[in-house]
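To start, the structure under review is shown below, and the notes come after it.
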Amino acid sequence: MKKLLKKIFAQGQESHLYEQPQKIASVDQCNFYHSTDIPGVGLVEGQWDLRAGYADYLGAYDFTGKRVLEIGPATGFLTFHIEKAAREVVAVELPMDRNFWNAVPYEKLGLARDRDKGWTEVEKQFHEHIGRIRNGFWFCHERFGSNARVYHGSAENLPQSLGQFDVVLLASILLHSRSPVAILESCARLVTDSVIITEIHDPALGEDAVCSLVPTVGNNAWDTWWRFTPRFFTQFLEVLGFSEHRVTFHQQLADKTPLNMFTVISSRPAE
């Protein structure tokens, strides 16, 4: 009886922890971040086309039997691919409130002050866009028959109730974050094996541990904070206990243009 009550309690806890799948009737309700061949629909085109390069994008990591934490799945192309081999995938998304995105606080875009006077036009448009991307995730989630679960909350403060994971994936996420090291620290507490990070590669930054600020008064890069070197991540992940590294370089299609990228896989040392 005690075991049954414990199981019922755990199931109740999980129902509050994870989002309920949403029913999205049509692709017309969606935006797609990734180009995806959707069962029963066909190809939908997105900003990123990883179909030919996803293995390189993921550093050729073997997800077989792994419990995977994915930060920022967008429309889920990687989620549903990884799920074919993984034991379980849990994706983390920010809540859909005004603070859900780490916008660079541009004064001229109205992002620097007057937070109590309503949403700016930039925020309204972006909120709608992200909402449609999340519709795209749930539309694909149903079409692929996915069992991936979604947690809404800050990646900087992931709860222990999510449990332990073998590996975390941060694919083109940290460049958008005000505090990338806080996210890495939060993820590291839950990960027993490896951290996978994929980001844009800028050779001009050199080979040292560099995190370069992107926004200037002239470029209006309000949704992007940083460019990184691979060593920036390997150095900090060593601090967190991930001392074995593999770094690879590749190109991916973004807006149908090849973009130079790198993938870092950092692992805890084998016992």
Beyond-backbone contact of Asp208 with Phe232, side-chain heavy atoms, under 4.5 angstrom: no

Residues which pass side-chain contact (heavy atoms from CB on, under 4.5 Å) with Asp166, listed by chain and number, not counting sequence neighbours: Lys66, Arg67, Arg87, Thr192

Worked check of side-chain hydrogen bond (donor to acceptor under 3.5 Å, both in side chains) between His127 and Gln125: CA-CA 6 Å; His127 186 276; Gln125 292 171 17; over 6 Å; no

Ring geometry between Phe32 and Phe139 (parallel below 30°, tilted from 30 to 60°, perpendicular above 60°): perpendicular

Distance-only donor-acceptor check, side chains Ser266 and Thr234, under 3.5 Å: no

Residues, nucleotides or ligands: over 12 heavy atoms within 6.0 Å of Gln29 CD: yes

Short side-chain donor-acceptor distance under 3.5 Å, Thr263 and Tyr61: no

Thr257 versus Asp255, side-chain donor and acceptor atoms under 3.5 Å: no

Donor + acceptor pair across side chains of Glu238, His245 (<3.5 Å): yes

Aromatic ring pairing Phe126/Trp222, orientation class (parallel under 30°, perpendicular over 60°, tilted between): perpendicular

Aromatic plane relationship, Tyr57 with His250 - under 30° parallel, 30 to 60° tilted, over 60° perpendicular: perpendicular

Donor-acceptor side-chain pairing of His81 and Glu83 below 3.5 angstrom: no

Tyr54 atom OH, over 12 foreign heavy atoms within 6.0 Å: no

Residue pair Asn31 / Arg132, side-chain donor-acceptor N/O under 3.5 Å: yes

Worked verdict on Thr79 versus Glu70 for side-chain hydrogen bond (donor to acceptor under 3.5 Å, both in side chains): CA-CA 7 Å; Thr79 313; Glu70 181 187 11; 2.5 Å; yes

Lys108, NZ atom: more than 12 neighbouring heavy atoms under 6.0 Å: yes

Any Leu158 side-chain heavy atom under 4.5 Å of Leu69 side chain: yes

Enclosure of Glu45 CD (heavy-atom neighbours >12, cutoff 6.0 Å): no

Student check: side-chain heavy atoms of Ile196 and Val168 closer than 4.5 Å: no

Short side-chain donor-acceptor distance under 3.5 Å, Thr229 and Glu207: no

